[in-house]
There are 2 protein chains.
Amino acid sequence: MPDTPEPLDAVQLGAYFALMDVAGLLRHAVEQQLREAGDLSYVQFQLLARLGLDSPTGRERMTDLADGVVYSRSGLTYQAGLLEKAGLVTRTPSADDERGVTVAITDAGRALLAKVLPGHTEVLRHQLFAPLSRRDTEALAELLSPVRDHMRSAPPRSAAPRRRR
Amino acid sequence: MPDTPEPLDAVQLGAYFALMDVAGLLRHAVEQQLREAGDLSYVQFQLLARLGLDSPTGRERMTDLADGVVYSRSGLTYQAGLLEKAGLVTRTPSADDERGVTVAITDAGRALLAKVLPGHTEVLRHQLFAPLSRRDTEALAELLSPVRDHMRSAPPRSAAPRRRR
DNA sequence: AGCACTTGCTTCAACTTCGAAGCACTGCTA
DNA sequence: TAGCAGTGCTTCGAAGTTGAAGCAAGTGCT
């Protein structure tokens, strides 16, 4: 029987709900723009962005992609299949590990990314940054970055599979 | 052809990605706890919480629920159906408007909510609030609340009339 | 080398989600 | 008070998402 912890106070609840609401609303807005501008889902955009903007080589293994994006493996397989069918990425067996699959963004993928980005930033500017001053934005980044690091490092849940030997 | 806006700078991108990542990771963590503790999805929890905690009467119309939660109408119909089948809420035609449906939380719903809440707050404490000081939490709430208000008021949908130039 | 475990990805079935279309009731307007 | 646009919710079909099971390739222990 778990002992009942102190309930969260109003400030904490406010922060929690505001965070989740903003993220949800923002995702909706972004998703819609992406759909109209390039017929991309948010996940697909994330994948292309990671390959085209974050990665210097434009290629990553499936697992690294799945870790970067908060996403299930099977879902990634599905979306990578769609992107490949659309000619935006290629999938090839990894050279060093026969099990692995390396996903690489194509020129068409980069082109679509470039086409979609301006509208994307516009949405962010209007929806997210409009009510935030420069300093607010900095503060937000500085508050949330440690949280992200904390959550990424700490096992999200009891997920820690007992390493037995 | 849309004119190309200034791209976002590094700080803005950092804030954006941190926000979305934290929300995504947190949602996963919360969802898992809810599933284990009470076999609830995040949406179902949100609905129960809104009925059981926010609403003084424990009853709301479908539309008000859908507006509170970021969710489609048809999705709400589906989830409300599940909750009803599980005996956690009831759905009755609204008294004043024959079209409307009033959703009310049942005793079983309140009981489940109470059962699930302690674990929920624990997850929040560990995942979200652990790296945040008291002041940080306050700052976060104060930064995000105006954004939420802004996004809720601004037309999130295609209702946004294309700015002509 | 041999055998068991682990890892990387895919497949599968069940479930969820969404928008568009549909149905029923409201309320405005003439 | 009849007509009709608008509102509230549900149904439907298509597409997306997930965990579990499955397969194949690597790793480690002896």
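Here is how names work: the chains are called A, B, and so on, in the same order as the sequence lines, proteins then strands, and each is numbered from 1.
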Please give, in whole Å, the distance from [N] [atom2] to [X] [atom1]?
X: B/His28; N: D/dT17; atom1: NE2; atom2: P; result: 11 Å
X: A/Leu76; N: D/dG16; atom1: CG; atom2: C1'; result: 14 Å
X: A/Gln79; N: C/dT11; atom1: CD; atom2: C1'; result: 16 Å
X: A/Glu31; N: C/dT17; atom1: CD; atom2: P; result: 13 Å
X: A/Met62; N: D/dC23; atom1: CE; atom2: P; result: 19 Å
X: B/Asp39; N: C/dC15; atom1: CG; atom2: P; result: 12 Å
X: B/Asp67; N: D/dT7; atom1: CG; atom2: P; result: 13 Å
X: A/Leu40; N: D/dA15; atom1: CG; atom2: C1'; result: 15 Å

For this session: Could you tell me whether the side chain of B/Arg99 has a donor or acceptor atom within less than 3.5 Å of a complementary atom in the base of C/dT26?
Result: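 By the distance-only test, no, there is no pair.
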Problem set entry | hbond_proxy A/Ser74 side chain to D/dG19 base (donor-acceptor, 3.5 Å cutoff) |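 By the distance-only test, yes, there is a pair.
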Problem set entry | Shortest side-chain distance from A/Tyr71, nucleotide among D/dT10, C/dC25, D/dT17 |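 Nearest to the side chain of A/Tyr71 among the choices is D/dT17.
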Exercise. Where the side chain of A/Val101 is concerned, which of C/dG19, C/dC9, C/dC25 is the nearest nucleotide?
Worked result: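 Per side-chain heavy atoms of A/Val101, the pick is C/dC9.
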Problem set entry | Listed partners of A/Arg110 passing salt bridge (Lys or Arg N to Asp or Glu O under 4.0 Å), at least two apart |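 Applying salt bridge (Lys or Arg N to Asp or Glu O under 4.0 Å) to A/Arg110 gives none.
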Is [X] close enough to [N] that one of its side-chain N or O atoms is under 4.0 Å from OP1 or OP2 there?
X: A/Tyr78; N: D/dT17; value: no
X: A/Gln44; N: D/dG16; value: no
X: A/Arg61; N: C/dG8; value: yes
X: A/Arg91; N: C/dT10; value: yes

For this session: Have a look at A/Gly75 and say if it touches a base, only the backbone sugar-phosphate, or nothing, with a 4.0 Å heavy-atom cut-off.
Result: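 Base contact.
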Problem set entry | Residue whose nearest DNA chain D nucleotide is more 5′ - A/Glu98 or A/Leu82 |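 The residue whose closest nucleotide sits nearer the 5' end is A/Leu82.
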Exercise. With a cut-off of 6.0 Å (strictly less than), are more than 12 heavy atoms of other residues, nucleotides or ligands near CG of B/Asp96?
Worked result: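 More than 12 heavy atoms, drawn from other residues, nucleotides or ligands, come within 6.0 Å of this atom.
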Exercise. Does the side chain of A/Tyr71 pick up a donor-acceptor pair with the side chain of B/His28 at under 3.5 Å?
Worked result: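 No, no side-chain donor-acceptor pair sits under 3.5 Å.
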Exercise. Under 3.5 Å, is there a donor-acceptor pair between the side chain of B/Gln44 and the main chain of B/Ser41?
Worked result: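 Checking the backbone N and O of B/Ser41 against the side chain of B/Gln44, a donor-acceptor pair under 3.5 Å is found.
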Exercise. So, for B/His150 and A/Phe129, is the gap between ring centers shorter than 6.0 Å?
Worked result: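 No - the distance between ring centres of B/His150 and A/Phe129 does not fall below the 6.0 Å cut-off.
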